[in-house]
Protein chains: 2
Amino acid sequence: MTEQRKVLLQHVFERHQHFDVDELIEQLPKRGEAGHVSRPTVYRTLNEFVEAGLLRRFELDGRSVYEHDYGYPAHDHFYCDKSGKLIEFHNRELVELIEKIAQQYDFQIASHRLIIYGASKEGREASRRTKRRQDMI
Amino acid sequence: MTEQRKVLLQHVFERHQHFDVDELIEQLPKRGEAGHVSRPTVYRTLNEFVEAGLLRRFELDGRSVYEHDYGYPAHDHFYCDKSGKLIEFHNRELVELIEKIAQQYDFQIASHRLIIYGASKEGREASRRTKRRQDMI
DNA sequence: TTCTTTGCAAATTCTTTGCACCGAA
DNA sequence: TTCGGTGCAAAGAATTTGCAAAGAA
């Protein structure tokens, strides 16, 4: 248990929120400051967290995104094209249907990943405001 | 409409099957042969196909995978960890449930992507055989 | 001819690795 | 003291881009 791992554990599990490597490093102390962690160590440690079952990793726009896994209930996401935000939702019925489908195909589920792409209410509203502003120019 | 685009169109839409860039290039004439297409042109053209709505792109293990979009019904996939195979399935009920959930959250769907990870029947059987072989060594 | 596309090489982006040094136990 | 962990720089993998030459219309 090193200083670097303490810092990473703390930042990663402080809040329940998904993040990518750049966002995480952004929040950490900069180079030279106390508690700084180098980029390779961040990557190495996140990989260990994933292996250990603490985090889950998935890809969005070609980069890795991490979210809490250990002790956190399964869920899925909306991805809003307008705001770039990932919105979590929980739905029991969906999980059951996925299990039923897998059974039909004799497929043993390890996990699943569903992302619904489109526009959230907030995204649509923000986009409407932006358009108006553009119209004025 | 260039020679290269003709070659790519032909190879991509000849069969209904998902593929990644390396698999596609593998099938094309090699450098020096007639009908060869350079790697950058493959990337550029696939991007155009995606923009044009002919192909859909998604990420698997950090690389892009393409599948037919235009004129092909929506579907989802199993991804078998044992065999590395992507298996397509169609399920009306799932689409309806996803639409219902999106409505509940006031989210306007553009598309969705579901991948169920685990082991297919074939994958499990292949894996059993492999294990046996290993046991014999 | 004119404008677009191609190929090559080089650049980018994200992530991993080799290796000497440091630090936890 | 002893290993595993860290940081740096460099290597990799996948994809994109600048630019001059080639080609379609």
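Computed from heavy atoms alone, side chains included, the values below leave out hydrogens, waters and symmetry copies. Per chain, numbering begins at 1; letters A, B, ... match sequence-line order.
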* Asked: Do other residues, nucleotides or ligands put more than 12 heavy atoms under 6.0 Å from the CD atom of Gln27(A)?
  ->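 Above 12, so yes.
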For atom [atom1] of [X] and atom [atom2] of [N], their distance in whole Å:
| X | N | atom1 | atom2 | value |
| --- | --- | --- | --- | --- |
| Leu46(A) | dT17(C) | CG | P | 15 Å |
| Ile25(A) | dT6(D) | CD1 | P | 14 Å |
| Glu48(A) | dT17(C) | CD | P | 12 Å |

* Asked: Can you find a heavy atom in the side chain of Leu8(A) that is under 4.5 Å from one in the side chain of Val42(A)?
  ->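 When only atoms from C-beta onward are counted, Val42(A) and Leu8(A) do touch, with a gap below 4.5 Å.
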* Asked: Is there side-chain contact between Val50(B) and Tyr66(B), with heavy atoms separated by less than 4.5 Å?
  ->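 Yes, close enough: below the 4.5 Å cut-off.
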* To do: Would you kindly say whether Asp76(B) and His90(B) are connected by a side-chain donor-acceptor distance under 3.5 Å?
  =>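 Note: Asp76(B) and His90(B) side chains miss the donor-acceptor criterion.
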* Asked: Does a side chain donor of either His68(B) or His16(B) reach within less than 3.5 Å of an acceptor in the other side chain?
  ->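 On atom types as modelled, these side chains qualify, holding a pair under 3.5 Å.
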* salt bridge (charged side-chain N to carboxylate O under 4.0 Å, His left out) pairs, two or more places apart, involving residues 25-46 of chain B ->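 Matches after skipping sequence neighbours: Asp22(B)-Arg39(B).
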* Return each pair, listed once, that meets salt bridge (charged side-chain N to carboxylate O under 4.0 Å, His left out) where at least one residue sits in residues 113-123 of chain A; pairs must be two or more places apart or across chains. =>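 Those involving residues 113-123 of chain A are Glu67(A)-Arg113(A).
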Side-chain N or O of [X] versus OP1/OP2 of [N]: is the shortest distance under 4.0 Å?
| X | N | answer |
| --- | --- | --- |
| Thr41(A) | dG7(D) | yes |
| Gln4(B) | dG23(D) | no |
| Arg5(B) | dA24(D) | no |

* Asked: In a check of side-chain contact (heavy atoms from CB on, under 4.5 Å) between Val7(B) and each of Gln10(B), His11(B), Arg5(B), Gln4(B), which one passes?
  ->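 Answer after filtering Gln10(B), His11(B), Arg5(B), Gln4(B): His11(B).
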* To do: Would you please classify the geometry between the His77(A) ring and the His18(A) ring as parallel, tilted or perpendicular, with 30° and 60° separating the classes?
  =>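 Rings of His18(A) and His77(A): perpendicular, as their planes differ by over 60°.
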Only distances under 3.5 Å count here; give the side-chain donor-acceptor pairs of residues 94-110 of chain B to other protein atoms, sequence neighbours excluded, each with its distance to 0.1 Å.
residue   : atom : partner   : partner atom : Å
Lys100(B) : NZ   : Glu93(A)  : OE1          : 3.2
Lys100(B) : NZ   : Glu93(A)  : OE2          : 3.4
Asp106(B) : OD1  : Arg124(A) : NH2          : 2.9

* To do: Indicate for each nucleotide in nucleotides 20-25 of chain C, in 5' to 3' sequence, whether protein heavy atoms under 4.0 Å reach the base (B), only the sugar-phosphate (S), or nothing (-).
  => ----SS
* To do: Between protein and nucleotides 9-20 of chain D, map the contacts as a letter string: B base, S sugar-phosphate only, - none, heavy atoms under 4.0 Å, written 5' to 3'.
  => B----SSBBB--
* Asked: In which stems does DNA chain D show up, taking only runs of three or more Watson-Crick or G-U wobble pairs whose two distances fall under 3.5 Å?
  ->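 The stems are C:1-25 with D:1-25.
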* **Euclidean distance, Glu59(B) CD relative to Ser64(B) OG, rounded to 0.5 Å** =>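 Answer rounded to 0.5 Å: 4.5 Å.
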